[in-house]
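These notes are about the structure you will find just below.
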Protein chains: 4
Amino acid sequence: MSRTAASRAGGAGPPTDGPRDRQAILAATLDALGEHGYARMTVEGVATRAGVHKATLYRWWASKGSLVGWALGAGLSTGPVADTGSTRDDLVTWLRGTIDNYTSTPAESALPALLSDLASEPGTLEGFRRSFLDARRANCAATVTRGIERGDIPADVDVGLVMDVLAGTVFYRQLVSGEPMDAALAERLVDLVLTGQIPRVA
Amino acid sequence: MSRTAASRAGGAGPPTDGPRDRQAILAATLDALGEHGYARMTVEGVATRAGVHKATLYRWWASKGSLVGWALGAGLSTGPVADTGSTRDDLVTWLRGTIDNYTSTPAESALPALLSDLASEPGTLEGFRRSFLDARRANCAATVTRGIERGDIPADVDVGLVMDVLAGTVFYRQLVSGEPMDAALAERLVDLVLTGQIPRVA
Amino acid sequence: MSRTAASRAGGAGPPTDGPRDRQAILAATLDALGEHGYARMTVEGVATRAGVHKATLYRWWASKGSLVGWALGAGLSTGPVADTGSTRDDLVTWLRGTIDNYTSTPAESALPALLSDLASEPGTLEGFRRSFLDARRANCAATVTRGIERGDIPADVDVGLVMDVLAGTVFYRQLVSGEPMDAALAERLVDLVLTGQIPRVA
Amino acid sequence: MSRTAASRAGGAGPPTDGPRDRQAILAATLDALGEHGYARMTVEGVATRAGVHKATLYRWWASKGSLVGWALGAGLSTGPVADTGSTRDDLVTWLRGTIDNYTSTPAESALPALLSDLASEPGTLEGFRRSFLDARRANCAATVTRGIERGDIPADVDVGLVMDVLAGTVFYRQLVSGEPMDAALAERLVDLVLTGQIPRVA
DNA sequence: ATTTAAACGAGACGGTACGTCGCGTCTTTGT
DNA sequence: ACAAAGACGCGACGTACCGTCTCGTTTAAAT
């Protein structure tokens with residue numbers, strides 16, 4: 001009924017007006033995530049580390065899941081990709097950023113447990129997607145669009161699926177198959193979608 | 001105390017000799033998974049449903065995670081792919097099976113949380129990969145090998161990466177991006193890796 | 001900071017000069033007390049009901065306990081007992097008023113919890129006794145004194161104990177034993193202390 | 001649905017089969033009560049002191065209130081009054097026990113807050129009355145009955161009211177009026193109800 | 001009329017304790 | 001030897017309410 005409640009209604013998304021110590025909380029959350037992983041980190045631990053009381057966190061986030069969701073969305077690099085003139089290079093740059101996101105300590109194995117937790121708060125899951133993924137996907141889409149304009153990519157390309165191929169392969173490798181993430185991975189995946197070159201063994 | 005402990009030492013792997021009510025436990029575990037998801041299902045609930053006592057489960061599995069890991073490995077379809085003579089068709093068939101696995105209720109969002117849980121019991125994670133993934137990946141690899149023999153696929157293809165592209169895209173779409181899983185997805189992905197056709201919008 | 005602090009120093013007693021909305025606060029406090037009981041009523045609820053901010057309450061009262069203590073003292077009837085010429089009748093009248101006080105919704109079960117709360121703020125408990133009880137006891141004592149002058153009561157009667165017998169029986173019945181408070185109770189108790197008639201069953 | 005739930009249904013009453021460390025819990029509860037009072041004692045503190053986990057307490061008692069209610073009922077002396085042949089002496093003995101109960105550290109100011117807390121769990125309040133009061137009142141009633149048989153007390157005496165007068169006066173004095181509890185109090189009250197002697201100042 | 005000091009509204013916050021949940025362990029008792 | 005029954009330790013979760021604090025804004029008395 002107050003503004004607080006209204007700002008929380010969105011779920012995982014960043015509260016429109018947050019607590020006073022936003023920055024400290026963000027840092028503390030990502031730290032805890034990196035140190036202990038999602039399941040073993042505790043809300044109280046985050047509070048202590050941030051110099052804030054647990055109740056304050058629950059005033060602004062509905063659950064542990066939405067706090068972490070917000071932190072990941074707010075804390076991971078998300079800058080747009082510079083236009084170097086080469087569609088391939090730009091996509092590789094973007095994919096490397098994505099790889100960094102998925103292999104950096106905080107997010108690494110946080111995402112799966114997080115997604116699982118958020119599955120029980122349905123609105124929150126969608127909110128997390130919007131705040132975490134959309135910015136990243138928009139950056140990629142922009143790069144692809146430039147590629148289309150240059151004629152490097154057909155105009156009717158299914159951008160969503162391309163992004164799922166690029167990010168999904170990385171994500172799956174990191175979490176499920178556990179195969180190593182070699183340095184050339186980004187190039188090989190971009191070449192696959194761009195020029196149809198089936199990946200070969202190094 | 002001897003064989004019990006020994007059989008559990010392996011972690012997530014299937015116990016060398018199991019409890020009496022294996023089938024009921026398997027069914028109960030998958031049911032619970034499908035109904036509540038990994039995080040919200042409870043070991044006690046599984047026990048009750050299986051008409052077994054919780055302690056019995058812990059006698060044979062080291063943790064909730066290893067129980068679920070075993071159930072997924074034992075319960076999801078895993079049959080080898082028939083050789084139809086068409087590499088493309090066989091790969092599509094395999095991928096459709098994978099999609100079914102990832103979109104069927106039990107496994108749907110169980111895998112991420114499971115992987116996260118298993119991450120804290122180090123050996124167990126690897127054990128799960130071996131028991132759950134290897135069979136599926138072997139099937140795919142066999143199909144690819146036949147494709148190589150037929151000359152449809154270059155001999156030095158990076159099979160591991162191909163599998164990550166196929167399965168990873170599906171996995172990511174289901175769990176992270178949340179985009180719909182249309183019927184033609186399997187063909188489009190196989191065509192991408194096989195003939196380099198960039199996916200276009202329908 | 002000067003007068004405010006000074007006026008609060010007294011504890012449970014009525015502030016020398018109060019907030020603007022005294023009446024609304026009094027009503028809201030007694031209402032809340034009657035509806036939820038002492039333990040379950042909340043200061044914030046009282047504030048809202050009174051159209052006042054919580055901080056205002058804490059500006060004038062040191063604690064929930066002292067607020068309620070003040071409200072009970074200010075809100076319950078406390079008029080002196082008229083002199084009808086009959087000592088018995090006057091005492092019965094007084095005792096009936098006491099019964100009303102203890103059985104009316106607000107005070108009913110508020111007193112015990114209140115006393116318990118006030119026990120931790122030592123001075124406040126005594127302050128509450130002075131402001132709440134003394135007026136009532138003075139009324140009774142006056143009636144007894146008239147009885148002594150009339151020769152109805154021996155001059156060396158222990159007035160304090162008589163009052164404890166009258167009020168205590170009622171209080172205990174209401175709160176502890178839970179036995180019903182029949183209509184003739186006042187007469188029977190007065191007759192007991194006045195003429196030594198042991199109470200008989202109706 | 002299990003026996004545990006069934007045994008708790010009664011509310012404040014003693015569980016039919018209790019936790020393993022009943023004695024330690026009883027002692028710890030009464031200790032905590034005596035040291036800190038009802039409001040300031042904590043369930044977790046009781047658990048620690050008893051060498052037990054908080055969850056164990058909540059497994060057997062529905063709330064802090066019912067735990068304390070049980071402890072008071074189980075921990076305070078409740079023995080029957082010996083028959084000395086003198087009705088007056090026996091009643092005095094009984095009343096002295098009651099005074100002890102109400103002035104001993106644990107119960108002293110625990111009862112009011114307890115009663116207030118229990119007011120919100122209605123069944124529990126009644127359960128507490130049954131387990132705490134009934135034994136004591138039965139003892140008194142037995143003594144009165146002997147007095148009737150001896151002809152010391154009229155047969156149609158209202159025993160319930162007599163007990164309320166005796167215990168209520170003591171209770172009220174202790175908690176509300178705060179007047180001192182002198183040594184002769186028991187005799188004076190018994191004489192009041194027995195022989196109609198109005199209490200005089202010492 | 002204007003200044004000025006106190007009271008007030010708004011609401012975030014620290015703190016304490018509550019009561020809950022589910023995992024995994026252990027003991028007891030059959031079978 | 002295994003299994004049923006179920007109490008228990010443990011750790012964390014999320015909630016509630018108290019009482020404090022800061023910051024603007026209103027009110028009302030004093031100049």
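Within every chain, numbering begins at 1; the chains are lettered A, B, ... in the order of the sequence lines, protein sequences first and strands thereafter. Worth knowing before you read on, the calculation uses all heavy atoms, side chains too, and leaves out hydrogens, waters and symmetry mates.
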Is the phosphate of [N], meaning OP1 or OP2, less than 4.0 Å from a side-chain N or O of [X]?
{"X": "Trp60(B)", "N": "dC2(F)", "value": "no"}
{"X": "Tyr58(D)", "N": "dT20(E)", "value": "no"}
{"X": "Lys64(A)", "N": "dC13(F)", "value": "yes"}
{"X": "Thr56(A)", "N": "dG14(E)", "value": "yes"}

Given atom [atom1] of [X] and atom [atom2] of [N], what is their separation to the nearest angstrom?
{"X": "His53(C)", "N": "dC21(F)", "atom1": "NE2", "atom2": "P", "result": "15 Å"}
{"X": "Arg59(B)", "N": "dC26(E)", "atom1": "CZ", "atom2": "C1'", "result": "11 Å"}
{"X": "Leu67(A)", "N": "dA12(F)", "atom1": "CG", "atom2": "P", "result": "16 Å"}
{"X": "Arg40(D)", "N": "dC18(F)", "atom1": "CZ", "atom2": "P", "result": "15 Å"}
{"X": "Trp61(D)", "N": "dT20(E)", "atom1": "CH2", "atom2": "P", "result": "15 Å"}
{"X": "Tyr38(C)", "N": "dC17(F)", "atom1": "OH", "atom2": "P", "result": "14 Å"}
{"X": "Leu57(D)", "N": "dC18(E)", "atom1": "CG", "atom2": "C1'", "result": "13 Å"}
{"X": "His36(B)", "N": "dG22(E)", "atom1": "NE2", "atom2": "P", "result": "10 Å"}

For Lys54(C) and for Glu44(B), locate the closest nucleotide of DNA chain E by heavy-atom distance; then report the residue assigned to the nucleotide nearer the 5' terminus.
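With Lys54(C) and Glu44(B) compared, the 5'-side residue is Lys54(C).
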Nearest nucleotide by nearest heavy atom, which residue falls closer to the 5' end of DNA chain E, Asp21(C) or Ala39(B)?
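Here Asp21(C) is the residue nearer the 5' end.
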Check this for me: Arg40(C), atom CZ, are more than 12 non-hydrogen atoms of other residues, nucleotides or ligands nearer than 6.0 Å?
no
Which residue lies more 5' along DNA chain F, comparing Arg20(C) with Gly51(B) via nearest heavy atoms:
Gly51(B)
Which residue lies toward the 5' end of DNA chain F, Ala55(B) or Ala55(C), if each is placed at its nearest nucleotide?
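Final value for this comparison: Ala55(B).
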Listed nucleotide nearest any side-chain atom of Thr42(D), set dC18(E), dC13(F), dA5(F):
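Shortest atom-to-atom distance from the side chain points to dC18(E).
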If you round to the nearest 0.5 Å, how far is CG of Leu125(B) from OG of Ser66(B)?
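Answer for the OG-CG pair, Ser66(B) versus Leu125(B), is 12.5 Å.
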From the list Leu26(B), Ile25(B), Asp31(B), side chain to side chain contact (heavy atoms under 4.5 Å, CB included) partner of Thr29(B) resolves to Ile25(B)
Identified side chain to side chain contact (heavy atoms under 4.5 Å, CB included) partner of Val46(D) from the options Leu57(D), Leu30(D), Val52(D):
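Between Val46(D) and the candidates, side chain to side chain contact (heavy atoms under 4.5 Å, CB included) is satisfied uniquely by Leu57(D).
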Residue pair Trp60(A) / Leu67(A), side-chain heavy-atom distance below 4.5 Å:
no
